[in-house]
Amino acid sequence: MCGIIGIVGTSSVQDRLIESLKRLEYRGYDSAGIAGFGPDGIERRRAAGKLRNLEEVLAGDPLTASVGIGHTRWATHGPPTVGNAHPHQAGRVTLVHNGIIENFAELKAELKAEGRVFSTDTDTEVVAQLLDRELASKAPLEAFKATLDQVRGAFALVVMIEGETNLLLGAREGPPLIVGYGDGEMFLGSDALAVGPFTNRVAYLEDGDYVAIDHNGARVFEKSGRPVDRPVQVVPQSPALMEKGNYRHFMEKEIHDQPEGCQRTIAAYVDALGGLTAVPGGVDFAALNRIQIVGCGTAYLAGLIGKYLIEPLADLPVDVEVASEFRYRQPALRPDCLVVAISQSGETADTLAALRYCQARGMKSAAVVNAVGSTMAREVDVVWPIHCGPEIGVASTKAFTAQVSVLTAIAVAAARARGRIDEAEERRLVAVLMEAPRLIAESINLEEAVKSIALEVSRARDVLFLGRGPMYPLALEGALKLKEISYIHAEGYAAGELKHGPIALVDEHTPIVILAPFDSYFEKSASNMSEVMARGGQVVFITDPEGERHAPAGARVVVTAPRCDPLIAPLVMAAPIQLLAYYVAVQKGADVDQPRNLAKSVTVE
Ligand code: M6R
């Protein structure tokens, strides 16, 4: 979603605003703009489309300013035109916004009735108009608070006021906003990555906070107006983490990062020397009656794989639900249930709301997150971090396998804690899990085999993914990956559901990807494969060497992943479906890392 940066600097900020916005590109955007205090007042430059368009504007008309703000816009209200690009202006106010102002229509009507003229289609402009109105009778900070008291919704805001050349104001209600502390310079940003090149000392604003930064530092206030301290933390990050290296896309790099990301993650959840699980956080799995997993998109699907692993091994019921449904359907909850939010960003609005819903009903909470400074990580009882490094590609890959790694370790730990396995079996399963990074690397080596299918799949209008057991959520993930970056319609189904409807779609033009390692489900999946082929369907069969030996003849293509214990099959079988989506998207010339309409971090409902 929209990216925000604000700099109270001691030297020119134009290039630094752009550098920061480039770091925020991963969030997804369709226009961009910056503004700064120029010699004759506030100046702004905006462009539709990618940042290179804004850079072209700046090449012809540079901005001379040492205090300024920048924004990448992911359109919600109004198309992605120059006119709707942030920063927005009204009178003395220039501001940028991430989120949605829910009561903008009534506020706009009120302001229009007072004779105020609007020049954009956005919800954001009402905030600029409101603040400008309040400034007529109030000092900046007081006017800002009065404005915030009138708007409803989800927002992170950064504001400049004409004449206040050493001041930026910020506010957070929902989408995150951080304060960066430099040497004689101060920053506001959507996340720590935004200010990464300038400082690694950041404070996270809480919901309802607002802040004033100037060359002397930051003053933070709670919603009530009471001054408050938000601790400054040192965040580890290096500019090198953001580089693609020799890869063409972040997604390609992140697929290849998986063995290392999973290895680091698994190392944090097992005692490698002792050979047993060592899940941090002290959760007593024996005392739990149920686990409720909530998440969105790929994170939800990782949770679904967790259910397939935890329930049979630990005999512990696990419910998994997309957070956007869960939060509104008044689910029946009990305090002896642990809620586990899964989220790469730790900021997804629906997941956060579902988590808070459970907490409000007395449930203990945990979060499997990548961003350890995120809102979810700060609000839960137990943080279960993944250790795969920042994920930049909008399509989640290495976060997914790292999330599944955590859930696999939890399944084994819970099984032992609940007396369902003995120490010897725990040792065996931990050894299996520690094998996963090597086998994932072998799976990634199937790249050439997968690439050879990409051309044919790229011509398809629809693609079906089928799987049974833990391969079913992986089939859903394969379909999600393919549709989000290649724009080909794809659906995942439990293979057993084939005859209950989807088989009607089978014809010679529809590739059917069947995920079936040689496990207890194999024979049934092979039967489904025969049924598809009998109807002219083009099967892409993703299996292992044993499965290849036992497969019915006639699969269009067989991709043979390494043989592994069923415990880690979801980890080992993930790379082929990720690579398939990747190479199909490349074949189609799609924007792999920033697919159309998508945002990396969805901070509004
Ligand atoms: O940051 P989160 O893990 O909470 O994000 C959840 C989804 O938005 C995310 O997984 C999305 O589905 C990805 N684009 C999938 O590749």
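We count ligands from 1, going down the list as the structure has it; atoms in each ligand are counted the same way. In this chain, residues are counted from 1 in sequence order.
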S.K.: Starting from atom 3 (O) of ligand 1, which protein heavy atom do you reach first, and at what distance in Å?
M.R.: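 Going by distance alone, atom 3 (O) of ligand 1 is nearest to Gln344 N, 2.6 Å.
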
S.K.: Return yes if a side-chain donor-acceptor contact under 3.5 Å exists between Gln359 and Ser365, otherwise no.
M.R.: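 Their side chains do contain a donor-acceptor pair, which is all the 3.5 Å distance test asks for.
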
S.K.: Going through the distances and angles, do Arg52 and Leu54 end up as a side chain to side chain contact (heavy atoms under 4.5 Å, CB included)?
M.R.: CA-CA 5 Å; Arg52 61 177 169 273; Leu54 179 61; over 6 Å; no

S.K.: Could you tell me, atom by atom, which parts of ligand 1 come under 4.0 Å of a heavy atom of Lys481?
M.R.: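 Once the distances to Lys481 are compared, the set is 15 (C), 16 (O).
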
S.K.: May I ask you to establish whether Lys50 and Tyr29 are in a cation-pi arrangement, using a distance under 6.0 Å from NZ or CZ to the six-membered ring centre and at most 45° from the ring axis?
M.R.: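 Positive - Lys50 is close enough to the ring of Tyr29 and near enough to its axis.
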
S.K.: Are His489 and Val463 side-chain neighbours, meaning at least one heavy-atom pair lies under 4.5 Å?
M.R.: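 Answer no - side chains too far apart.
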
S.K.: What part of Glu347 sits under 4.0 Å from ligand 1 if we count only heavy atoms: the side chain, the backbone, both or neither?
M.R.: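 Answer for Glu347: neither.
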
S.K.: How about Ser396 and Gln344: does a side-chain donor come under 3.5 Å of a side-chain acceptor?
M.R.: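 Looking only at side-chain atoms, Gln344 and Ser396 do not form any donor-acceptor pair under 3.5 Å.
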
S.K.: Suppose we measure from atom 6 (C) of ligand 1 to each protein heavy atom; which comes out shortest, and what is that distance?
M.R.: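 Looking at atom 6 (C) of ligand 1, the protein heavy atom closest to it is Cys296 O, 3.3 Å.
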
S.K.: Enumerate the atoms of ligand 1 whose separation from the nearest heavy atom of Ser343 is less than 4.0 angstrom.
M.R.: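 Heavy-atom distances to Ser343 below 4.0 Å select 1 (O), 2 (P), 3 (O), 4 (O).
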
S.K.: Counting non-hydrogen protein atoms only, what is the nearest one to atom 10 (O) of ligand 1? Give residue, atom name and distance.
M.R.: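 The protein heavy atom lying closest is Thr298 N, 3.1 Å.
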
S.K.: Do me a favour and list the nearest non-hydrogen protein atom to atom 8 (O) of ligand 1 with residue, atom name and distance?
M.R.: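 The protein heavy atom lying closest is Val602 CG2, 4.2 Å.
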
S.K.: For atom 16 (O) of ligand 1, what is the closest protein heavy atom, and at what distance to 0.1 Å?
M.R.: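 Nearest neighbour among protein heavy atoms for atom 16 (O) of ligand 1, to 0.1 Å: Glu484 OE2, 2.3 Å.
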
S.K.: Would Arg596 pass as a cation-pi partner of Tyr487, given that its NZ or CZ must be under 6.0 Å from the six-membered ring centre and within 45 degrees of the axis?
M.R.: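 Satisfied, under 6.0 Å and within 45°.
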
S.K.: Using a 4.0 Å cut-off to any heavy atom of Ser396, which atoms of ligand 1 qualify?
M.R.: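 It comes down to these atoms of ligand 1: 15 (C), 16 (O).
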
S.K.: Find all atoms of ligand 1 within a distance of less than 4.0 Å from any non-hydrogen atom belonging to Ser345, and give their numbers and elements.
M.R.: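 Checking each atom against Ser345, I get 1 (O), 2 (P), 4 (O).
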
S.K.: State whether a side-chain donor-acceptor pair under 3.5 Å links Ser405 with Arg264.
M.R.: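 Side-chain D/A pair, Ser405 to Arg264: absent.
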
S.K.: To check your reading of the model: name the closest protein heavy atom to atom 4 (O) of ligand 1, its residue, and the distance in Å.
M.R.: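 The closest heavy atom on the protein side is Thr348 OG1, 2.4 Å.
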
S.K.: State, without any angle test, whether Glu254 and Gln578 hold a side-chain donor-acceptor pair at a distance under 3.5 Å.
M.R.: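 No donor-acceptor contact under 3.5 Å links the two side chains.
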
S.K.: Provide the number and element of each atom of ligand 1 under 4.0 Å from a heavy atom of Ala299.
M.R.: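 Near Ala299, the atoms of ligand 1 are 3 (O), 10 (O).
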
S.K.: Between the side chains of Tyr583 and Glu447, does any donor sit under 3.5 Å from an acceptor?
M.R.: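 Result is yes, a qualifying pair exists.
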
S.K.: Show me which atoms of ligand 1 lie under 4.0 Å from any heavy atom of Ala395.
M.R.: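 What qualifies from ligand 1 is 16 (O).
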
S.K.: Would you call Val394 a ligand 1 contact, heavy-atom distance under 4.0 Å?
M.R.: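 So Val394 counts as touching ligand 1.
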
